[in-house]
Amino acid sequence: MQPAPVMPKTWRVDTKPHKFCPGCGHGLILKCLGEAIDDLEIQSRVVYGCDIGCSLLSWDLFNLDTVQAHHGRTTPVMTGIKRARPELICIAYMGDGGGYSIGVQHLVSSAMRNEKITVIVANNTQYAMTGGQMAPTTLPGQKTETSPFGRDPGTTGMPFRGAEMISSIVQEGAYVARGSIANLRQLTGYLKKALKNQIEGKGFSFVEALSSCPTNWRTDAARTWEFIEKDMAGYFKVGEIKIPGRGEVTADA
Amino acid sequence: MSEKAVTEEKRVFMTGNEVVAWAALAAGADIMYGYPITPQNEVMHYWTRLAPKYDKKFLQTEDELSAGFATAGGVMAGRKAFTATAGSGSVLMQEPMAMAEMMRLPTVAVLQQRGGPSTATVIYSQQEVTLTTIGGNGEGMRVVYSTAGHQELYDYTIKAFNTAWKYRFPTFVLGDGYQAKMREPLTIYDPETRGISLLEPEPFVGKEGEPGKDRPPAQYRNTFNLEEELYEKVMSDIREFEKVAPEIAEYESMETEGAELVVIAHGIVFRAVREAVANLRQQRFRVGGFRPVTLRPLPVTQIKELVAGAPKILLVESSYGQMARLLKEVACGSATEISTFFKPGVGITAGEVEARVKEIIKS
Ligand SMILES: Cc1ncc(C[n+]2csc(CCOP(=O)(O)OP(=O)(O)O)c2C)c(N)n1
Ligand code: SF4
Ligand SMILES: [Mg+2]
């Protein structure tokens, strides 16, 4: 008999295996999130919100009270819950399309109001659920279904650095970081700090996680890792960007 | 001048989304604005591949609000602009389309209905009828063509641009996920070789000459100070809409003459009705079928005649009565017995229609 895979305590066993494609980054990010919740022992106080995008597949992933919201609207739904019941720990999990495109106004406004919620954006450089269209995060020259000849920054702009944008508008007390599925221990650490920031009521907390989508990238394992570690990490710097009490931190820190 | 996309008549076998992209090219559309949503995505995918070849443009916007408002901007600039969306995207599309109604902008939107409410399914429904016909905070001054297959998707997408630019009411082609994703044979053609002349777009803003000197400035507003002012504006649009409605309205009918029962459906559901009516006729049931092709404006005269003539009506649709509500308003006051067969978000087969008809006739 094969040993049972190690799962965070907060994961539901009866809904496993999860529904993400093989090689998908979502499962890894949510494993880190599960471990962070385990370590902080907050399972009974968390409300988890997932967006429409491949994150929607996590609606029954955890043993957590969960809301699968409308595309791009997870942030205001979680804001609504937090404002009404501040003792709850509210997590909004979404893709880069949901967070940086259709839902960007909510992300900006909740960061500006310093909402005491935690927003996590899985950046896989495109709209995965709908079949791989260009997203704000698509890299220059990257081919997608709506940039079939490669993303042209001349007509579509440059990729959106969400974590840096958020860090430039939040006030003291906010926590902002960018992790990657290439370093899970570090990512879990960032998620833990973000949640602690919320628990301590310091301010808005935000983590972007560089993620993979071999299905739409049409990459094998080697190229998938290369894309995350070289192409993506070259443009989206991994590290903590804003830590309460320490002001702006340079990426790479 | 870029070369024409469709020059000679050709039999093709395509998905509906591909058909829409080709039809938009054949109609001389200049620019598409869109945001990904299933089951509409491939309209954008084909358009982005075809566009550079024919000197056309595309912009992927940050959401459907933006896609709709950018489409409004495109037509104001004097270009044939269009967008395509579905489901929760159709909901967001209401805000820009309300502005288009207010400013009488000839926007064209292709909607491939999916399940609702909210995200629901990416597959199919007829649940965007209320939204598309009378959504928004206005009076529903819009034209809505509900297609029943790929040939019609081609024909009516082309027609939508002409209708929009002729009457200056926002115009919609209402398809669904089945039509979007299914492959069917059809004939594509250059509309001009069939005697359909394509209307030329005209700019609303950015016209020739210096404003205030060579011409009055072109100024469009979206607000009014007084109730009476707004009333005048809205009523004048309504009067115009009502005047042209009979010209725009279209329908299809089969075997309604002397029928004991007429089945009414729109869009792809009417294909099940066609088959059911043919089968029932063979079994000597006096049954007919009727289909409003335009859901806005409705073919009112024909519907009134129908309900006056047929003792029984059966309304069939893949929603819980969105078409039925529109029709009942027209039929109000008639003595006809109206029955329904509603399957919100689910496809309907000829066999199901046949069974329901027999149930009604035998009862
Ligand atoms: C209003 C609205 N517009 C469009 C969609 C279609 N849609 C579903 S998921 C998605 C994009 C998902 O991309 P992302 O947020 O990056 O998540 P990923 O799937 O890449 O993880 C879109 C556009 C929708 N559900 N609702
Ligand atoms: S499509 Fe991409 S993002 Fe979605 S589950 Fe598959 S690998 Fe993950
Ligand atoms: Mg994504």
Side-chain angles (χ1 to χ4, degrees), chain A residues 49-57 59 67-75 77 94-108 124 126-138 142-157 159-160 162 165 216, chain B residues 15 17-18 21 31-53 55-70 83-93 95-96 112 114-123 177 180-181:
Chain A
C50 59
D51 207 65
I52 299 304
C54 288
S55 74
L56 72 83
L57 300 171
W59 77 275
V67 184
Q68 184 195 63
H70 206 81
H71 182 40
R73 315 301 180 204
T74 309
T75 306
V77 172
M94 64 201 70
D96 43 344
Y100 296 156
S101 194
I102 192 167
V104 73
Q105 56 175 330
H106 309 307
L107 182 58
V108 167
N124 56 16
Q126 32 89 34
Y127 293 87
M129 172 119 286
T130 41
Q133 295 83 8
M134 191 180 78
T137 45
T138 299
Q142 188 181 340
K143 284 186 183 158
T144 69
E145 289 292 342
T146 51
S147 59
F149 310 107
R151 180 176 186 166
D152 171 14
T155 54
T156 62
F160 190 97
M165 188 269 295
N216 285 302
Chain B
T15 63
N17 283 336
E18 191 174 1
I31 184 162
M32 175 183 186
Y33 306 88
Y35 184 76
I37 190 161
T38 310
Q40 163 284 131
N41 289 314
E42 295 82 8
V43 177
M44 295 187 307
H45 299 177
Y46 285 110
W47 183 263
T48 50
R49 281 161 181 77
L50 292 167
K53 274 192 219 160
D55 207 15
K56 307 290 181 185
K57 292 182 176 169
F58 173 75
L59 177 69
Q60 186 177 315
T61 55
E62 65 276 20
D63 61 17
E64 293 85 352
L65 286 173
S66 179
F69 281 109
T83 185
T85 188
S88 33
S90 297
V91 178
L92 292 182
M93 204 45 84
E95 190 176 306
Q112 304 286 31
R114 58 185 263 174
S118 193
T119 315
T121 72
V122 298
I123 307 166
K181 296 278 192 176

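Side chains are part of it too, since the values below use all heavy atoms of this structure and drop only hydrogens, waters and symmetry mates. A note on names: the letters A, B, ... follow the listed sequences, proteins ahead of strands, and every chain is numbered from 1.
Of the atoms belonging to B:Pro52, it is side-chain heavy atoms, and not backbone ones, that fall under 4.5 Å from chain A. With a 4.5 angstrom heavy-atom cutoff, B:Ile37 touches chain A only via backbone atoms.
Contact between A:Gly97 and B:Tyr35 at its shortest, heavy atoms only, is O-OH, 4.1 Å. Closest approach of A:Phe149 and B:Arg49 over heavy atoms only: CZ-O, 4.1 Å.
Residue B:Met44 holds its CE atom at 5.0 Å from CD of A:Gln133, rounded to the nearest 0.5 Å. Between the OG1 atom of A:Thr146 and the CG atom of B:Leu59 there is a distance of 10.0 Å, given to the nearest 0.5 Å. Of the inter-residue distances, the one linking A:Ile102 atom CD1 with B:Glu64 atom CD reads 4.5 Å to the nearest 0.5 angstrom.
Using a 4.5 Å heavy-atom cutoff, the side chains of B:Ser88 and A:His71 are not in contact. Between A:Thr130 and B:Val122 the shortest side-chain heavy-atom distance does not fall below 4.5 Å.
The number of heavy-atom neighbours closer than 6.0 Å to NZ of B:Lys181, taken from other residues, nucleotides and ligands shown, is above 12.
In the model, B:Glu62 has no side-chain atom that pairs as donor or acceptor with a side-chain atom of A:Ser101 under 3.5 Å. Side-chain N/O atoms of A:Glu145 and B:Asn41 include no donor and acceptor closer than 3.5 Å.
Checking A:His70, A:Gln68, A:Arg73 one by one against B:Ser118, the side chain to side chain contact (heavy atoms under 4.5 Å, CB included) holds for a single residue, A:His70.
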